[in-house]
Each structure stands twice: as C-alpha cells, then as structure tokens.
Amino acid sequence: MANAFLDAMFGLEGQVAVVIGGTGVLGGAFCVGLAQAGATVVMSGREEPGIDERLDKLQAVAKESCFLPVDVTKRASIESLLLQTLEKYGRVDMLINAAGVNMGCDYFEVQDEDWERIFRINLTAVHWGCQLFGKAMSEQEGGGSILNIASVTSDKPLSRVFAYSASKAGVANLTQNVARELAPHQVRVNALAPGFFPAIQNRPLLDPERTDSILSQTPMQRFGEPEELIGAVLLLLSRRAGSFITGATYYVDGGFTAMRF
Ligand SMILES: NC(=O)c1ccc[n+]([C@@H]2O[C@H](COP(=O)([O-])OP(=O)(O)OC[C@H]3O[C@@H](n4cnc5c(N)ncnc54)[C@H](O)[C@@H]3O)[C@@H](O)[C@H]2O)c1
C-alpha cells in the first residue's frame, strides 16, 4: 500500500547509491533494499562468479543499476569507481563502505601480512571511500550520505579476530571524526554495526563452540538475517528521515552489545 508520508521520509527515488562490497552477503541485501526504496544502485566489489545473476535481480527492481568492479586495496581503484559513477549518473548521493575480510587464530599466531591486509581492506579503504566520495558529495548540490559498516566488535573486542576487532573499532572512531569534518559540507557520515549474520567472511569462524558462545550472549538467541539490517540502512542514509543523524554508530545485533557480564 502506497504511503506518501513513508515515501517522503525514506524514499530514495532519483538518488544514486554506491555499495562497495555490494557483491557480498550483507552488501547484496543493502543493494536490493536501496533499489526497493527507489535508488539507482552501483553494486561494486571484486569480479567474482555469480555477479550476472545478482545484477539481473537488482535490475529487475531498479533497471538503471549496474555492477562496477573495485579492488579496495588500491586507492586508485576506488577513485576510478567514483569517476565511472559520476560519468554514468552525473552524481552520487550515497555510499556504503561494506567490503570486509576476517580471519581467526590464536594471538601468538597473528601474522603481519594478515594484519596489514585486514586493516587495509577494513579500515584504510573506508578512509579512502570517505575521503574520495565525501569530497565529490561536498562539491555537489544537496551533499550526500555515507554509511560505514562497523561491527559489534567496534564496541566489544572479540576473541581470535584481533585485527578485525581493532579495524572495526577504527571504523567507528573514523566515522565520528569524518562526520565532524564533512557536516559543514552537507555530507552525513554514520556507521552501522551488525551483530552476527552468517556470511562468506565469517562462516569458517562459526564453529559449534563459538556459535553457542555467541548465541548465549545474544538476548534474542539467534543470528540475524541480512534483510533485518535494511530498516537501519534506510534510516541512516535517507536525506529526510536521517537528516540530523551524523557520527552515529547504530547497533543491530539482537541485543549482543546490551549484555555486560
Ligand atoms: N556478517 C556479519 O555477521 C557481519 C557482522 C558485522 C560486520 N560485518 C561487516 O559487513 C561487511 C560485509 O560483510 P559480509 O558479512 O556481507 O561478508 P561477505 O564476505 O559476504 O562480503 C564481503 C564483501 O567484501 C568484498 N571485498 C573483500 N575484499 C575486497 C577487495 N579487496 N576489494 C573489493 N571488495 C572486497 C567482497 O567482494 C564482498 O563483496 C564487512 O565489512 C563485514 O566486516 C559483517
């Protein structure tokens, strides 16, 4: 049922969104959610199998949407994604920084190359996205909105994922800092911190023991479904509904971060 009030609050008609990491489990759900709210979506990520099917589904909802590849380990690749987006659509209203990698091991086994790779993808690339897209948004009429994907481990360090935890704490910190810088330029910057949503990057870590531990510390006693993040994504990105929200890290975690022992 059409509802003019909700359309005005959350509708993204005529706006262009770039989702870096849009080929992943959560990023894929973000792409579809944004398209259903009316946005034209640039699904971006590494070239990998299954992109054509994902793009077909996305274009069935928002036909002008497209896939553009990016390798977030390279600043020039993110810059090229921005330039291609501007060339194709003329502007970019929203960016979601959702690329991320993870790995688990004992602390004394952490290798420098893994630490550096995780930090580069999870934190340095988020900075590059904010800086490059934030500048372009600041130079266009109407500004824009950026959403960085943090984690419950931005707040609570998680065992065995040391670089991941530290990088996600950095994402929440960077989000606040960049939000302050870009606010005068009509660009809002927020973070979404999901709890536990089985996906490609974390499935190998979710052995039965860790699963029991997570669920026993989650008041809702279950994992999340990617679609359960969409409401918060729309709130934080929407020009109208989220108009006074910046620098926030919003937790969608079944209550995980509400628990203190
Ligand atoms: N799934 C969860 O429970 C959970 C919880 C908290 C935060 N997160 C975060 O959500 C985001 C999405 O993760 P997901 O769970 O959907 O994982 P996923 O593995 O399904 O998706 C990760 C995405 O990152 C992209 N990516 C990785 N390296 C890249 C590179 N070098 N260049 C470009 N793209 C690259 C992949 O192509 C993929 O699209 C990540 O930042 C992750 O840390 C996930």
Side-chain angles (χ1 to χ4, degrees), residues 18-33 41-51 54-55 58 67-82 95-104 114 116-130 146-158 161 163-172 174-175 191-206 210-211 214-215 217-218 220 222-230 232-233 249-254 256-257:
V18 174
V19 182
I20 296 180
T23 53
V25 172
L26 300 190
F30 301 157
C31 288
V32 174
V41 178
V42 177
M43 175 177 72
S44 186
R46 291 173 300 190
E47 302 266 12
E48 49 199 319
I51 286 173
R54 283 162 172 273
L55 185 58
L58 186 57
F67 169 74
L68 292 176
V70 70
D71 176 359
V72 300
T73 63
K74 299 182 174 71
R75 182 187 169 95
S77 181
I78 300 177
E79 190 163 21
S80 163
L81 169 65
L82 168 65
L95 169 70
I96 303 186
N97 276 311
V101 288
N102 198 354
M103 65 161 291
D114 292 325
E116 281 161 16
R117 179 178 59 91
I118 290 169
F119 259 75
R120 195 169 180 98
I121 293 172
N122 291 8
L123 182 56
T124 306
V126 170
H127 152 61
W128 286 334
C130 288
I146 297 175
L147 184 61
N148 299 324
I149 307 304
S151 159
V152 288
T153 197
S154 300
D155 174 65
K156 273 181 164 183
L158 291 178
V161 293
Y164 183 81
S165 293
S167 69
K168 292 296 185 179
V171 169
L174 180 72
T175 298
L192 176 69
F196 296 88
F197 296 71
I200 299 159
Q201 51 80 19
N202 61 2
R203 209 175 286 275
L205 298 165
L206 295 173
R210 198 167 175 88
T211 295
I214 289 167
L215 296 184
Q217 295 177 67
T218 302
M220 292 182 75
R222 64 173 175 83
F223 289 126
E225 299 290 335
E227 292 68 29
E228 294 181 293
L229 294 167
I230 303 303
V233 168
T249 294
Y250 193 96
Y251 289 84
V252 179
D253 63 359
F256 184 83
T257 45

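Side chains are part of it too, since the values below use all heavy atoms of this structure and drop only hydrogens, waters and symmetry mates. Ligands are counted one by one from 1 in listed order, and the atoms in each one are counted from 1 as well.
At distances below 3.5 Å, at least one donor-acceptor pair connects side-chain atoms of N122 with backbone N or O atoms of V101. The closest donor-acceptor contact from the side chain of S77 to the backbone of V70 lies at 3.5 Å or more, if one exists at all. Listed for the T153 side chain is a donor-acceptor partner under 3.5 Å among the backbone atoms of L158.
Protein residues having at least one heavy atom under 4.0 Å from any atom of ligand 1 are G21, T23, G24, V25, L26, R46, E48, V70, D71, V72, T73, A98, A99, G100, V101, I121, I149, A150, S151, Y164, K168, P194, G195, F196, F197, A199, I200, Q201, N202, listed by chain and number.
Partner of W128 under the side chain to side chain contact (heavy atoms under 4.5 Å, CB included) criterion, out of E79, K74, R75: R75 alone.
Nearest heavy-atom pair across N102 and L205 is ND2-CD1, 3.3 Å.
Among residues two or more places apart in sequence or in another chain, the side-chain contact (heavy atoms from CB on, under 4.5 Å) test is passed with P157 by none.
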